[in-house]
Amino acid sequence: MKEYKVETLIFRSKLTFDRNYLANSSNKAIQEKLNEYAKNGWRLVSTNTTEYSMDMYVYLYFEK
């Protein structure tokens, strides 16, 4: 029987002229979370993102 997990990461933007700031600053944290789950035998099966105000919510869906 498969197991499933959802990991939610929240990133807050700041006022900047760099329009890619949020995407660039979140890459490292997302990659670290992917590596952590992969070490434990989890496989990424889907992702989703939403934005609210100046925040970005990244949902990572894993199965094992």
Side-chain angles (χ1 to χ4, degrees):
M1 184 168 173
K2 291 188 178 186
E3 294 178 60
Y4 299 94
K5 277 192 178 186
V6 176
E7 181 74 35
T8 305
L9 304 171
I10 302 169
F11 301 98
R12 178 151 289 146
S13 188
K14 67 177 185 177
L15 295 177
T16 178
F17 290 109
D18 179 7
R19 57 181 256 178
N20 295 318
Y21 166 77
L22 196 54
N24 293 335
S25 66
S26 63
N27 282 345
K28 182 179 177 185
I30 293 170
Q31 187 62 54
E32 288 173 357
K33 194 57 70 174
L34 290 172
N35 292 342
E36 174 188 327
Y37 274 85
K39 276 188 219 177
N40 294 318
W42 292 92
R43 184 175 74 93
L44 181 68
V45 292
S46 184
T47 63
N48 192 18
T49 60
T50 58
E51 292 182 39
Y52 178 74
S53 185
M54 294 183 72
D55 297 337
M56 179 175 70
Y57 296 81
V58 177
Y59 302 94
L60 305 174
Y61 302 92
F62 295 94
E63 75 177 6
K64 188 181 202 183

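FYI, side chains are in, hydrogens and waters are out, and symmetry mates aren't considered; it's all heavy atoms of this structure.
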In this structure, would [X] and [Y] fall into the same cluster of hydrophobic residues linked by side-chain contacts under 4.5 Å?
X: Val45; Y: Tyr59; result: yes
X: Val6; Y: Leu34; result: no
X: Tyr61; Y: Ile30; result: no
X: Val58; Y: Trp42; result: yes

Classify the angle between the aromatic ring planes of Phe62 and Tyr37 as parallel (below 30°), tilted (30 to 60°) or perpendicular (above 60°).
parallel
Rounded to the nearest 0.5 Å, what's the gap from [atom1] on [X] to [atom2] on [Y]? Could you check?
X: Ser46; Y: Glu63; atom1: OG; atom2: CD; value: 10.5 Å
X: Glu51; Y: Met56; atom1: CD; atom2: CE; value: 7.0 Å
X: Arg12; Y: Ser25; atom1: CZ; atom2: OG; value: 12.5 Å

Would a distance-only check, ignoring hydrogens and angles, find a side-chain to backbone donor-acceptor pair under 3.5 Å from Lys64 to Lys5?
no
Please check if atom OH in Tyr4 has more than 12 non-hydrogen atoms from other residues, nucleotides or ligands closer than 6.0 Å.
yes
Using side-chain hydrogen bond (donor to acceptor under 3.5 Å, both in side chains), reason through Gln31 and Asn35 one step at a time and then give a plain yes or no.
CA-CA 6 Å; Gln31 187 62 54; Asn35 292 342; 3.0 Å; yes
